[in-house]
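Let me begin by presenting the structure, written as structure tokens, before commenting on it.
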Amino acid sequence: MSLQDCELAFQKNNLQLLAAQYNINMADADIIQAKIWELPQIEGYVNAVNPQDKKVFDVTKAKGVEITQLIYLGGKKKNEIQFAKSNKELSQLQFNQLLVDLRSQLRSIYYNLIYEQKKQISVDAQLKYMNELLAAYKVQTDKGNISLKDFVRLQSIVIQLNNDRIEINNNILGFQQTMKVLTGNQEKTIANFSKPEENEILISQPFGDLEILQEKALQNNADYLYNLKLIDNSKLYAQWQKSLNVPDLNLGAEYDQASGTFNNEINLKVGIPIPLWKVNKGNVEKAKYAIQLNEKNSEYQKLNLQTQVESAYQTWKNQYDQYFELKAIDLENLETVYNGILKNFRNGNVSLIEFTDFMESYRQTVLQIYEMKKQIMISAEDLNQLVQIKIFY
């Protein structure tokens with residue numbers, strides 16, 4: 001699977017992402033709920049006992065009905081709706097951050113797979129040659145033509161290569177399992193991209209210096225924007241809680257057949273609590289402290305984000321500079337010397353000590369080169385995750 005294939009499968013099948021979308025739907029439902037008013041109430045009465053005419057349930061002479069509706073004052077409903085809408089924006093920002101985090105994890109896992117597979121191919125090729133060589137030496141050692149010391153020297157390299165192979169295979173297995181979870185694809189992912197694609201990713205650099213990247217991160221990082229939005233959200237909540245101190249109005253109409261001043265009278269009813277004290281004073285105070293809390297958290301998140309961008313940028317630059325200190329000709333020379341050593345060792349032009357020393361050095365160098373390439377890509381992806389716009393070109 002290409003990286004694009006993995007990303008498409010991730011967007012379509014990732015269960016965390018699919019589940020998180022319901023938080024936005026739930027926030028939409030909260031907005032709908034905030035817009036709903038209290039139901040009007042209807043009350044009625046009929047005569048139970050008529051002592052004058054000695055009747056029970058004399059509904060012909062005494063009955064009445066009233067309808068009342070709660071009328072919100074002080075902008076309660078408006079404030080509640082605005083607060084609910086703000087909660088939806090927070091849910092969207094949380095979803096955006098989750099999307100960025102999971103996609104960044106997927107890309108990093110993909111890069112890990114690429115270079116662990118390359119390490120595996122290299123180690124398998126070395127191991128094949130060394131096992132054949134070790135088998136030949138075993139025959140000669142048994143015949144007494146080669147010292148046991150030389151056989152053990154070769155065997156130590158084979159053991160190390162086998163250890164490398166087991167570690168690499170375990171790494172690949174772990175990354176493939178994680179990729180299954182991320183993409184929802186139960187098949188093993190074989191990562192691959194062409195040499196031009198690899199070079200394009202390796203040589204790409206950020207569009208600006210550190211200060212520009214920090215500024216862009218403050219403009220685009222969903223986690224930081226979430227903390228900024230929390231301040232507005234807490235202010236809307238405080239405004240809503242303050243409006244709850246304003247008494248609401250009960251407005252209604254009443255029909256009374258005979259128990260009022262007039263027969264068949266229709267009355268207007270108005271009711272409102274007497275505001276002797278603020279019934280929501282504690283929640284208003286709590287909301288004020290929430291604003292201050294979120295303001296301090298936002299200041300911390302700003303500093304933290306700037307520091308993370310600085311660290312990620314410097315990590316990428318260190319990895320980039322380290323790798324590109326090597327010239328293309330140096331890498332070509334490494335393979336040329338490797339092939340030459342194998343050929344000359346077969347022809348008896350290189351001693352066993354020289355051969356084993358070179359093979360150990362070559363094994364370590366190849367693994368380090370692949371690791372350097374991988375770390376360039378992963379550190380670049382870490383920077384992408386923080387800034388959250390396309391920054392490498």
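Keep in mind the model is a prediction, meaning the values are calculated, not measured.
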Only one of Leu342, Ile157, Leu154 passes side-chain contact (heavy atoms from CB on, under 4.5 Å) with Leu133, and that residue is Leu154
Judged by atom type as modelled, is there a donor-acceptor pair below 3.5 Å linking the side chain of Glu265 to the main-chain atoms of Phe262? yes
Co-membership, hydrophobic cluster, residues Leu8 and Leu18, 4.5 Å side-chain: no
Got a donor-acceptor contact below 3.5 angstrom from the Ser298 side chain to the Asn294 backbone? no
Sequence neighbours left out, what passes ring-ring contact (aromatic ring centres under 6.0 Å, His included) with Tyr224? Give chain and number order. none
Can a donor-acceptor pair be found between the side chains of Asn233 and Asn87 at a distance below 3.5 Å? yes
Looking just at side-chain N and O atoms, do Ser351 and Glu354 make a donor-acceptor pair shorter than 3.5 Å? yes
Counting distance only, does the side-chain N/O of Ser86 pair as donor-acceptor with the main-chain N or O of Gln82 below 3.5 Å? no
Would you confirm whether the ring centroid of Phe83 sits within less than 6.0 angstrom of the ring centroid of Tyr237? yes
Without hydrogens or angle criteria, can the side chains of Asn264 and Tyr255 be said to hold a donor-acceptor pair below 3.5 Å? yes
Can Tyr323 be reached from Leu367 by stepping across I, L, V, M, F, W or Y side chains whose heavy atoms are under 4.5 Å apart? yes
In one Ile/Leu/Val/Met/Phe/Trp/Tyr side-chain cluster, 4.5 Å: Tyr115, Ile203: yes
Parallel under 30°, tilted from 30 to 60°, perpendicular over 60°: which one fits the rings of Phe345 and Phe355? parallel
Any pair with a residue in residues 124-140 that passes salt bridge (Lys or Arg N to Asp or Glu O under 4.0 Å), sequence neighbours left out, goes on the list, sorted by first then second residue, please. Asp124-Arg165, Lys128-Glu132, Lys138-Asp142
Assess, by modelled atom type and distance only, whether the side chains of Glu371 and Gln375 contain a donor and an acceptor separated by less than 3.5 Å. yes
Does the side chain of Ser122 come under 3.5 Å of the side chain of Gln126 through a donor N or O and an acceptor N or O? yes
Arg363 and Glu360 ion-paired at < 4.0 Å: yes
I'd like to know if Leu90 and Tyr22 are part of one continuous hydrophobic network [Ile/Leu/Val/Met/Phe/Trp/Tyr, side-chain heavy atoms within less than 4.5 Å]. no
Within the 3.5 Å criterion, strictly below it, is a donor on Glu197 or Ser194 matched to an acceptor on the partner's side chain? yes
We want to know whether Asn169 and Gln120 form a side-chain donor-acceptor pair, criterion being a heavy-atom distance below 3.5 angstrom. yes
For Ile36, is the CD1 atom crowded, meaning more than 12 foreign heavy atoms sit under 6.0 Å from it? yes
Do Gln97 and Asp101 pair up side chain to side chain, a donor and an acceptor below 3.5 Å, judged on atom types alone? yes
Is it true that the side chains of Asn318 and Gln322 contain a donor and an acceptor less than 3.5 Å apart? no
When every non-hydrogen atom of Thr189 is compared with those of Gln117, the smallest separation belongs to O-OE1, 3.9 Å
State whether the side chain of Gln69 and the backbone N or O of Glu38 hold a donor-acceptor pair below 3.5 Å, judged by distance alone. yes
Would you please say whether a donor-acceptor pair under 3.5 Å links the side chains of Asn280 and Asn283? yes
Leu182 and its side-chain contact (heavy atoms from CB on, under 4.5 Å) partner, picked from Leu15, Asn13, Leu17, Leu106: Leu106
Taking the six-membered ring for Trp, are Trp37 and Tyr72 parallel (under 30°), tilted (30 to 60°) or perpendicular (over 60°)? perpendicular
Ser2 and Asp5: side-chain donor and acceptor closer than 3.5 Å? yes
N-O pairing of Glu187 and Lys180 below 4.0 Å: no
Using atom types as modelled and distance alone, determine if a side-chain donor or acceptor of Asp150 lies under 3.5 Å from a backbone N or O of Ile146. no
Hey, quick one: are Tyr226 and Leu293 part of the same hydrophobic cluster, counting side-chain heavy atoms closer than 4.5 Å, chains of contacts allowed? no
Is Lys373 salt-bridged to Glu198, going by a charged N under 4.0 Å from an acidic O? yes
Spell out, as yes or no, whether a donor-acceptor pair under 3.5 Å connects the side chain of Asn221 to the backbone of Ala217. no
Please confirm whether Lys374 makes a cation-pi placement over Tyr111, using NZ or CZ under 6.0 Å from the six-membered ring centre and within 45° of the ring normal. no
Matching residue for Phe392 among Phe207, Trp316, Tyr313, Tyr320 - test: ring-ring contact (aromatic ring centres under 6.0 Å, His included): Trp316
Examine the side chains of Asn79 and Gln239 and answer whether a donor and an acceptor come within less than 3.5 Å of each other. yes
Kindly check if the number of other-residue, nucleotide or ligand heavy atoms within 6.0 Å of CD (Gln52) is above 12? no
Can you tell me if Lys302 uses its side chain to pair, donor with acceptor, with the backbone of Glu299 under 3.5 Å? no
Are Arg107 and Glu7 close enough for a salt bridge, meaning some N to O gap below 4.0 Å? yes
For a quick test of reading the model, state the closest non-hydrogen atom pair linking Ile114 to Ala191 and the distance between them. CD1-C, 3.4 Å
Side chains of Gln388 and Asn384: is there a donor and an acceptor less than 3.5 Å apart? no
